[in-house]
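Since the structure comes first, as structure tokens, the remarks are kept for the end.
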Amino acid sequence: MRTQVGIVGAGPAGLFLSHRLARAGIDSVVLERRSEDYVIQRVRAGVLEPGTVSALEDAGLGARLAREGLVHDGFELRFGERGVRIDLRGLTGQGITIYGQQEVVKDLIAARRAAGAALHFEVPDVAIDRLDSERPRLTATIDGHRTTVECDVVAGCDGFHGISRGLIPASALREYSREYPYGWLGILVSAPPSSDELIYAWHERGFALHSMRSPTVTRLYLQCDPDDRLEDWSDGRIWAELDARLTRPGWQLGRGPILERGITPMRSYVAEPMRYRRLFLAGDAAHIVPPTGAKGLNLAIHDVGVLCDALVAWYREGTEEALDRYSDRCLARVWRAQAFSARMTTLLHRAGDDRYEAKRQRAELEHLARSIAAATTLAEDYLGIAG
């Protein structure tokens, strides 16, 4: 098999890259080790920055997003029985859109299927070699047949645990990471949201988040120990903690059947550079952010936009200048997102019995409540429009 761009991974990054390339007349093959159902059903982030919405619309993927996406003009910071609204649109002129990552993936798969794309799921044995040559190669078992895919470049869009990043020699790779001493217990609830906008709650018992996926489905998170087991959290315990951390006078959390639940450890990670010869990393393969800042999907879409533009310039004009700048351009945004996500995470999560840290957090939250300048900076970072 021969193609121009070999893509490993059919998450948002890999699918969006294949879609964007096809619209520019560039062929690709996408190989994904998981099943299509697994990829579609993964519940992930749901907050889209305005730049991400524009990128999806410009790529012809905005129809269902426009119908079903929930546009929010702000969000609430809740602490000490207070609710402080961060007026995103009033401060910046823009808002966010709530549209689950799995919905983005569904739209992308439907678009690639309609275009007759070379999109292969359940390919568990992908191998990549000849990165030093002008014809790197993927080998894998596709539809029961051992297949070789020759390409011009390889895009590693296979996530944090994928194979792509591991092919970069240790001497050429710099890794930066931080593990946080807390995790998130997330639940999906069959109940209308209890608020029109997201609520980020600081509480002495730990962080909580009220989010949503649709007018009938609520997404809720609780700070927990990263080593907790799901069986440690009964329905009763979950609802009791959510009530304690989210409820304030005049407001009540709605309940419903819990459809899904899971515990996610929290980490920050960046790999530099995001390119090694004919291999380009994008999305979670190159960087991970704690979910507090809602940046993961947005960074993946930005990476793909930069990479696609660079590949188009290379194929059409024969210039590698944009490819050579790919890593630096992406990492500039990645590190801004890392700074914001780390700030939001350390601001809102309980730091054990550290009384100093609790006082510091409250002082910063009070400052955000009083200062238009501080709130504006937070809004710009949240929307991904700062700098």
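Computation of the quantities below employed the complete heavy-atom set of this structure, encompassing side-chain atoms and omitting hydrogens, waters and symmetry-equivalent molecules. Quick note: residue numbers are just sequence positions, from 1.
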Do [X] and [Y] touch side chain to side chain, with heavy atoms closer than 4.5 Å?
X    : Y    : result
P290 : S268 : yes
P226 : M266 : no
L311 : L323 : yes
D243 : Q252 : no
V154 : L167 : no
I40  : F121 : no
L281 : I168 : yes

So the ring-ring contact (aromatic ring centres under 6.0 Å, His included) pairs with at least one residue in residues 284-343 (sequence neighbours excluded) are Y176-W335, F280-Y326
Going hydrophobic residue to hydrophobic residue with side-chain gaps under 4.5 angstrom, can you get from [X] over to [Y]?
X    : Y    : answer
Y269 : L331 : no
V104 : V71  : no
L253 : L209 : no
I263 : L188 : no
L230 : L242 : yes

Of the options R137, R130, R135, which is the one that meets E150 in a side-chain hydrogen bond (donor to acceptor under 3.5 Å, both in side chains)? R130
Output, in order, the C-alpha distance, side-chain angles, deciding distance and verdict of side chain to side chain donor-acceptor pair (under 3.5 Å) for R219 and Y221. CA-CA 7 Å; R219 184 72 164 155; Y221 296 95; 2.9 Å; yes
Ion pair check, [X] and [Y], cut-off under 4.0 Å:
X    : Y    : result
R336 : E380 : no
D324 : R329 : no
D232 : R229 : yes
R112 : E32  : no
R248 : E81  : no

Evaluate the side-chain contact (heavy atoms from CB on, under 4.5 Å) criterion for residues Q41 and E260: first the C-alpha distance (whole Å), next the side-chain angles of each, then the deciding distance (0.1 Å), finally the verdict. CA-CA 11 Å; Q41 292 172 9; E260 295 182 22; 6.0 Å; no
Determine yes or no for a side-chain-to-main-chain donor-acceptor pair under 3.5 angstrom, with [X] supplying the side chain and [Y] the backbone.
X    : Y    : answer
Q223 : F207 : yes
H203 : A244 : yes
T147 : H145 : yes
Q4   : D27  : yes
S371 : H367 : no
D73  : R89  : no
S194 : G254 : yes
S18  : G14  : no

Spacing of [atom1] belonging to [X] relative to [atom2] belonging to [Y], to within rounding of 0.5 Å:
X    : Y    : atom1 : atom2 : value
L21  : C308 : CG    : SG    : 4.5 Å
L348 : R78  : CG    : CZ    : 13.0 Å
E241 : L246 : CD    : CG    : 10.5 Å
D235 : I187 : CG    : CD1   : 8.0 Å
D353 : E204 : CG    : CD    : 11.5 Å
L365 : L347 : CG    : CG    : 4.5 Å

Check this for me: [X], atom [atom1], are more than 12 non-hydrogen atoms of other residues, nucleotides or ligands nearer than 6.0 Å?
X    : atom1 : answer
R178 : CZ    : no
R237 : CZ    : yes
R33  : CZ    : no
D143 : CG    : no
R355 : CZ    : no
D228 : CG    : yes
I372 : CD1   : no
R362 : CZ    : yes

Using a 6.0 Å distance limit plus a 45 degree cone around the ring axis, check whether R165 lies over the aromatic ring of F160. yes
Could you go through Y182 and R350, starting from their C-alpha distance and side-chain angles, then the distance that decides it, and tell me whether this counts as side chain to side chain donor-acceptor pair (under 3.5 Å)? CA-CA 9 Å; Y182 25 72; R350 187 197 67 226; over 6 Å; no
For A110, what residues pass the side-chain contact (heavy atoms from CB on, under 4.5 Å) criterion, not counting sequence neighbours? none
Would you please indicate yes or no on a ring centroid separation below 6.0 angstrom for Y382 and F75? yes
According to the interplanar angle, ranging from 0 to 90°, do the rings of H349 and W184 count as parallel (below 30°), tilted (30 to 60°) or perpendicular (above 60°)? parallel
